[in-house]
Each structure stands twice: as C-alpha cells, then as structure tokens.
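In what follows, a single structure is set out as structure tokens and then discussed.
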Amino acid sequence: MTCKDTSCANQEKVQKLISSLPSDDEIEESYDILRALADPTRLKILYLLKNGELCACEIIESMDKSQSTISHHLNILRKEKIIIGRKEGKWVHYKLKNPEIIDNLNKIFDI
C-alpha cells in the first residue's frame, strides 16, 4: 500500500497532524536552546545559578576553566535567553531567566 492508496480519512488525519506541528521558526528556536543546553560546562553554570544571582567572577572561581572559556559559555546562554545579566562595575552578575528551568531539566533527565 502506498501513500496514494490511503483513504481520505487518513489524509485528513495526516493534514491535521501536520497543522498541529510548531512552525519551522519555533522548531529552530527550540533546537538552538537545546544545543545551548547540551554542554557540560553550560549545564554546570545553570546548576550554579539555581540558588540565585552570581557574579561572573564567582562562576569563574567555581569552575576549573579560564575566564575566556566561562565568558564564552555565559554568552551562549545569554544569547539564547536562558540567563540574564546585569552590569555592576566591571563585572556582570548573572541569574536564570526562569528559575524553573532546573526542575524542568531534572524532569527530562529522569526519563
């Protein structure tokens, strides 16, 4: 049986399924966020921020990575709007945009 042989009812069902899909732009945005989360250093940064705002200097001190490496990862998380930052003097203080992200990640990891 080929797709051409399917009944009208099946074609309607398939069209309904297709129309329920997120747009290509929404899929691309989700992909970019997931790609940003799919890095051990960035996940560790998120877990550091789960209890509240931290200065970039505190994040750097907590990780065994260079300042430039941490800045790179922070910029990726900020670009995807996973974290937000505010400048204070020469340092930026970061926090999770949505603190529930940790609980949601933990639910995903429990699968």
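The first residue in the sequence is number 1, and the count goes up from there.
- Counting heavy atoms from C-beta outward, Trp91 and Ile60 have side chains that approach closer than 4.5 Å.
- Gln67 places a side-chain heavy atom less than 4.5 Å from the side chain of Ser71.
- Looking at Tyr94 and Leu48, their side chains never come closer than 4.5 Å, going by heavy atoms from C-beta outward.
- With values rounded to the nearest 0.5 angstrom, Arg42 atom CZ is found 10.5 Å from Ile70 atom CD1.
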task: Could you walk me through whether Phe109 and Asn104 pass side chain to side chain contact (heavy atoms under 4.5 Å, CB included), step by step?
output: CA-CA 9 Å; Phe109 300 147; Asn104 292 331; over 6 Å; no
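- With rounding to the nearest 0.5 angstrom, the CD1 atom of Ile33 is 10.5 Å from the NZ atom of Lys79.
- Applying the 6.0 Å contact sphere to CG of Asp64 captures no more than 12 heavy atoms from other residues, nucleotides or ligands.
- Using a 4.5 Å cut-off on side-chain heavy atoms (C-beta onward), Arg78 and Ile84 make no contact.
- Side-chain contact between Ile82 and Ile76 is absent, with no heavy-atom pair separated by less than 4.5 Å.
- No more than 12 heavy atoms of other residues, nucleotides or ligands shown are found within 6.0 angstrom of OH on Tyr31.
- Linking Ile, Leu, Val, Met, Phe, Trp and Tyr residues whenever their side-chain heavy atoms come within less than 4.5 Å places Ile108 and Ile102 in a single cluster.
- Residues passing the salt bridge (charged side-chain N to carboxylate O under 4.0 Å, His left out) test with Arg35, sequence neighbours excluded: Asp32.
- Under the salt bridge (charged side-chain N to carboxylate O under 4.0 Å, His left out) criterion, Glu53 pairs with Arg86, sequence neighbours left out.
- One distance of note links CD1 of Ile59 with NZ of Lys44; it measures 12.5 Å at 0.5 Å rounding.
- One distance of note links CD1 of Ile83 with CD1 of Ile45; it measures 7.0 Å at 0.5 Å rounding.
- The heavy-atom pair separating Ser19 from Lys16 by the smallest distance is OG-O, 2.8 Å.
- In this structure, CD on Gln15 lies 8.0 Å from CD on Gln11, to the nearest 0.5 angstrom.
- One hydrophobic cluster, built from ILVMFWY side chains closer than 4.5 Å, cannot hold both Leu74 and Leu34; they sit in different ones.
- Put simply, the side chain of Leu46 reaches to within 4.5 Å of the side chain of Leu37, judged on heavy atoms.
- Interatomic distance, NZ of Lys50 versus CG of Leu105, reported as 11.5 Å (0.5 Å rounding).
- Side-chain atoms of Glu80 never come within 3.5 Å of backbone atoms of Leu77 as a donor-acceptor pair (strictly under, hydrogens ignored).
- Considering only heavy atoms from C-beta on, Leu43 stays 4.5 Å or farther from Asp39 through its side chain.
- Using modelled atom types, no side-chain atom of Thr69 and backbone atom of Lys65 make a donor-acceptor pair closer than 3.5 Å.
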